[in-house]
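Structure, as structure tokens:
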Amino acid sequence: MAAPTAVEKTMTKRTETLLKPVSTTSQAGESFSADSWTGQDCLVDFLEKEVGSDLKSLKNVGDLLEKLREENNVLEEQVNETKTHIATQYNVTGLVQYKQLFGAQPWMDNLGQTLNQVDTIERHVKYLRCLQHIEELSAPVFGFFNFPVSDDLISQGALAPCQGVPSIQPASSATPPSQAPPLCLPIQIMLLPLSRRFRYHFYGNRQTNSLSKPEWYLTQVLMWMGNSSTFMEEKIQPILDRAGATISAMVELCRGLLSLVQEKVASDASRLLYDDVLFCHLVEEVLQFEKELRSNQSYPAALPGLLHLLLEDATLQKWLTVEKKMAVEKMDAMLSAEGAWSSQYKDISDMDELKAPDCAETFMTLLQVITERYRALPCPSAQLKFLGLQRELVDDFRIRLTQVMKEESRCPLGARYCAILNAVNYISTILGDWGDNVFFLQLQQAAVSLGEEVVLGGLGVLEVGRLASLEGSLFEGLLALLDRLKGDMLGRLLEWTMREIADKAKPYGQDRWLSLPPQHDQSTMTLSSSACPMMLCVRDRLLNLHQVLSLSLFQLAWQGLAERLDNVLYQDVILSNHFSEGGAAQLQFDMTRNLFPLFGHYCKRPENFFKHVKEACIVLCLNVGSAILLKNLLKESEDEARDLAGAGDPPPESALNELGVYCLAPCDVLILLNLRASWPGH
């Protein structure tokens, strides 16, 4: 074989380099994968097929390259056409699918609603299966405890006609003010288990069925109402609203529960008519139940509760009888108590203006409690019966006070006598306030419109007319009797006080008023020694009366005392003596600087309550010239009283008014002027 040429050596070297099985790396230092070797195997197979081992056939490489290029171009065109066809087909397919989906949307919505309904039905079915399972579990319980319907109830036929559904009609002859419509069926069904529980526990021989414990079933019903309020308002009320029912779910539930209580209360009340203590307890619990029903549960006032059950003739008469009996017993107890005539607020000056003794305060509290008990009754006629009872009790208490007062009248200045006076004044004050109270004014109008004999009995047409026009009050007759008693007691108290003061004033009236020398310097004057016992007695009695009498009574007492003392001094001291200039000055000093200030603690101008003494001192202390002119004027006026010529002259009262004399008449002033000893020539 000939030696290979340079070209052949070069091609051989390149072929060996290409076919050399060594691993090469990329610039990043990573080895080629197996896919690179697969591409090289294809290239080697192609070269062996087209070129082979004959190196002379390498001259056909150019034709081979051109052929490959043409094939490559054909492939590229085919690839491009395929891409365009695929893209167009994809777009058309997507548009068709979109249109199909858009057209199917209503069907999809309908299908969704149907599926939701199916889901709801499935949940209801599950719920019903749960209920069925519960009933299956409950069946054995009913068979073994016979709960909640006991044998005695079954035998007594105590269940309502519709398997324990409560009826809203009370089991009593006392019908409510208005007949309410029957309960709606859903509420009746909801009340079934509560009705059964109520009858199980509060009827028959159960320990919870006790006549002495009505609060047990009343409290239980209130608890059911309270515990059910949220559920009824949030769950049941929206259902009723959607159904167009114009009712309140909570009110309907309360009506149904009330029917159970009404039947029970009516039954118990008839069994307690001969037991005063238990009957009173039942009434108290019913009143408390009614209060909580109206306030906490907001039960409408137009619907009946339990109070109409107490208005049955037998029940109402029993209530009135028991109220009177217990009130009389309490009056006996309060008047015989150890601290009956002392005030519990005697050490608290701000709260003791009325100085009411405990017996009087307890009695008025008793009347107030009776008022609160019958205030809520739905019948004005029944309320007026209780008002008549209250008036009877007040008159009874007044008679008792009068009896005790007569026992103490031998010592009107004693503490008990004054306490009785305070009691009468306290009761009179409270009744006067009640006469202006809206509740009693409404009862007053009801009494006039109904012609109630219990209240209006014995009143004439004029008195009834005054009540109708609200000029008078239902307590007017009692107030007149109490005011008469108060006036008599206060008058007796002042008479005893003035008797003591007048006795102390006798030496003062016998003083030497005519021989007293004139005092040129008033600052050196002192109280007459004969006036000291009288002044001390007045001071002590005022302090004592201020301590033992209520504020309003003390106002009347010191004013009455001042009026009586003014009359005594004017009659027994001034008109019974003659006065020198010094004597008149001493009298004025004793009165204005000593007596009047004793009353100045209780008013600003005490001299206005001693008008006779004050004006007499003015007349007696006039200077000689003014006294002569005044005396002549009064005499001329007296002589010419019937003379027409003197008709135009000013009356003598004008001159007296200028001197500050308003109370004394001109004839009285002449008498006082004649008592002066300091006249010219005397």
Side-chain angles (χ1 to χ4, degrees), residues 498-539 562-599 606-607 609-638 652 655-656 658-682:
M498 279 308 304
R499 187 179 303 173
E500 183 180 8
I501 294 176
D503 186 64
K504 302 291 184 182
K506 287 181 180 179
Y508 187 64
Q510 298 171 357
D511 212 339
R512 298 177 301 165
W513 300 105
L514 184 61
S515 60
L516 290 176
Q519 297 288 337
H520 300 288
D521 187 3
Q522 195 175 19
S523 61
T524 61
M525 296 181 66
T526 59
L527 176 66
S528 299
S529 59
S530 59
C532 289
M534 178 189 69
M535 296 294 181
L536 289 175
C537 183
V538 171
R539 183 200 65 180
E563 181 183 356
R564 286 170 169 78
L565 185 56
D566 177 55
N567 185 63
V568 167
L569 292 174
Y570 183 72
Q571 296 289 338
D572 296 347
V573 177
I574 296 176
L575 295 182
S576 300
N577 289 281
H578 287 76
F579 295 86
S580 65
E581 181 180 352
Q586 183 65 49
L587 175 68
Q588 186 179 40
F589 179 82
D590 293 341
M591 297 295 103
T592 59
R593 301 294 294 275
N594 293 276
L595 178 63
F596 296 168
L598 291 178
F599 293 83
E607 63 274 10
F609 295 91
F610 293 87
K611 293 180 180 180
H612 292 87
V613 172
K614 181 186 72 171
E615 294 180 3
C617 290
I618 293 175
V619 174
L620 293 176
C621 292
L622 284 175
N623 58 53
V624 176
S626 298
I628 293 175
L629 292 175
L630 180 60
K631 185 176 182 180
N632 293 334
L633 175 64
L634 294 176
K635 282 186 176 182
E636 292 176 359
S637 176
E638 185 178 15
L656 294 177
E658 291 178 0
L659 296 175
V661 177
Y662 299 92
C663 177
L664 297 176
C667 59
D668 296 326
V669 174
L670 272 177
I671 294 175
L672 290 172
L673 290 173
N674 290 328
L675 295 178
R676 291 170 56 103
S678 56
W679 292 106
H682 286 199

What residues form a side-chain contact (heavy atoms from CB on, under 4.5 Å) with [X], not counting sequence neighbours?
| X | result |
| --- | --- |
| Leu575 | Tyr570, Gln571, Ile671, Leu672, Leu675 |
| Leu514 | His578, Ala677 |
| Ala505 | Met534 |
| Leu630 | Leu622, Leu634, Leu656, Leu659, Val669, Leu673 |

- prompt: Given side chains that start at C-beta, do those of Val538 and Met535 come closer than 4.5 Å, heavy atoms only?
  reply: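 With C-beta onward as the side chain, the pair stays apart.
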- request: Check whether any side-chain heavy atom of Leu565 lies under 4.5 Å from a side-chain heavy atom of Phe610, and answer yes or no.
  value: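 When only atoms from C-beta onward are counted, Phe610 and Leu565 do touch, with a gap below 4.5 Å.
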field: Contacts of type salt bridge (Lys or Arg N to Asp or Glu O under 4.0 Å), residue Glu563, not counting sequence neighbours
entry: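 For Glu563 there are no salt bridge (Lys or Arg N to Asp or Glu O under 4.0 Å) partners, ignoring immediate neighbours.
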Qualifying residues under salt bridge (Lys or Arg N to Asp or Glu O under 4.0 Å), relative to Glu607, sequence neighbours excluded: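 Per chain and number, Glu607 pairs via salt bridge (Lys or Arg N to Asp or Glu O under 4.0 Å) with Arg605.
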- prompt: Which heavy-atom pair separates Cys621 from Ala584 by the least distance, and what is that distance?
  reply: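 Looking at all heavy atoms of both residues, the shortest contact is SG-O, 3.4 Å.
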- prompt: If you take all heavy atoms of Ser580 and Leu516, which pair is closest and at what distance?
  reply: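 Here Ser580 and Leu516 meet closest at OG-O, 2.8 Å.
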field: Lys611 NZ to Asp566 CG distance, which is reported to the nearest 0.5 Å
entry: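 If I round to the nearest 0.5 Å, the distance is 9.5 Å.
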- prompt: Distance-only, no hydrogens or angles: does the Asn632 side chain make a donor-acceptor pair with backbone N or O of Ile628 under 3.5 Å?
  reply: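 It does hold such a pair.
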message: If you apply the rule side chain to side chain donor-acceptor pair (under 3.5 Å), what do you find for Gln586 with Asp590, and how did you get there?
response: CA-CA 6 Å; Gln586 183 65 49; Asp590 293 341; 2.9 Å; yes
